[in-house]
Amino acid sequence: MTLIKICGVKTAEDGFFAAKSSADFVGIVMHVPSKRYVKPSRAQTIAKAIREGGATPVAVFFDEAKDQILDAVANTGITTIQ
């Protein structure tokens, strides 16, 4: 079985569309230097739209400290990380 992940969404509308377009996972970049970075408060809204579309939201990090990852997860409700 092949699973599909679309990554780098920045809006709730794009997250919902990706989920409705058969993505199994939709990534939200939580790495501050990235041009696709999304603040935790906004990520929470995007994650909700992704779930409503039927996919699993994924918080995407790069070299973040464990505490930063745990804070982001606690503040967004996202439970899948990369």
Next item on the list: Quick one: do T11 and R42 satisfy side chain to side chain contact (heavy atoms under 4.5 Å, CB included)? Show the steps, please.
Entry: CA-CA 8 Å; T11 68; R42 190 168 177 191; 3.6 Å; yes
Checklist line | Contact summary for M30 and A43, nearest pair of heavy atoms | finding: SD-CB, 3.9 Å
Checklist line | I78/V58 under side chain to side chain contact (heavy atoms under 4.5 Å, CB included): CA gap, chis, key distance, verdict | finding: CA-CA 7 Å; I78 299 171; V58 178; 5.6 Å; no
Checklist line | Member of V9, V26, I6 meeting the side-chain contact (heavy atoms from CB on, under 4.5 Å) criterion with D14 | finding: V9
Notebook entry, point to check: Which one of I4, T56, I50 satisfies the side-chain contact (heavy atoms from CB on, under 4.5 Å) criterion with F25?
Noted result: T56
Next item on the list: Grab the two heavy atoms, one from A23 and one from A55, that are nearest each other, plus how far apart they are.
Entry: O-CB, 3.4 Å
Next item on the list: Would you give the length of the straight line joining atom CD of E64 to atom CG of D71, rounded to the nearest 0.5 angstrom?
Entry: 11.5 Å
Notebook entry, point to check: What residue among I46, V29, T45 forms side-chain contact (heavy atoms from CB on, under 4.5 Å) with V38?
Noted result: I46
Next item on the list: First locate atom NZ of K39, then atom NZ of K10, and finally report the distance between them rounded to the nearest 0.5 Å.
Entry: 11.0 Å
Next item on the list: Mind listing the closest non-hydrogen atom pair of F61 and A59 along with its distance?
Entry: CE1-CB, 3.5 Å
Item checked: side chain to side chain contact (heavy atoms under 4.5 Å, CB included) between Q68 and V32, intermediate numbers included -> CA-CA 11 Å; Q68 287 177 290; V32 177; 5.8 Å; no
Next item on the list: Any chance you could measure M1, atom CE, to D24, atom CG, to the nearest 0.5 Å?
Entry: 6.0 Å
Notebook entry, point to check: Is it true that atom OH of Y37 has more than 12 heavy atoms of other residues, nucleotides or ligands lying nearer than 6.0 Å?
Noted result: yes
Next item on the list: Could you tell me whether K5 atom NZ has more than 12 heavy atoms of other residues or ligands within 6.0 Å of it?
Entry: yes
Item checked: Non-hydrogen atoms of G54 and A19 that approach each other most closely -> N-CB, 4.1 Å
Next item on the list: Quick one: pull up CD1 in I81 and CD1 in I28 and give me the separation to the nearest 0.5 Å.
Entry: 13.5 Å
Next item on the list: Could you walk me through whether R36 and V60 pass the side chain to side chain contact (heavy atoms under 4.5 Å, CB included) test, one step at a time?
Entry: CA-CA 10 Å; R36 295 194 180 271; V60 179; over 6 Å; no
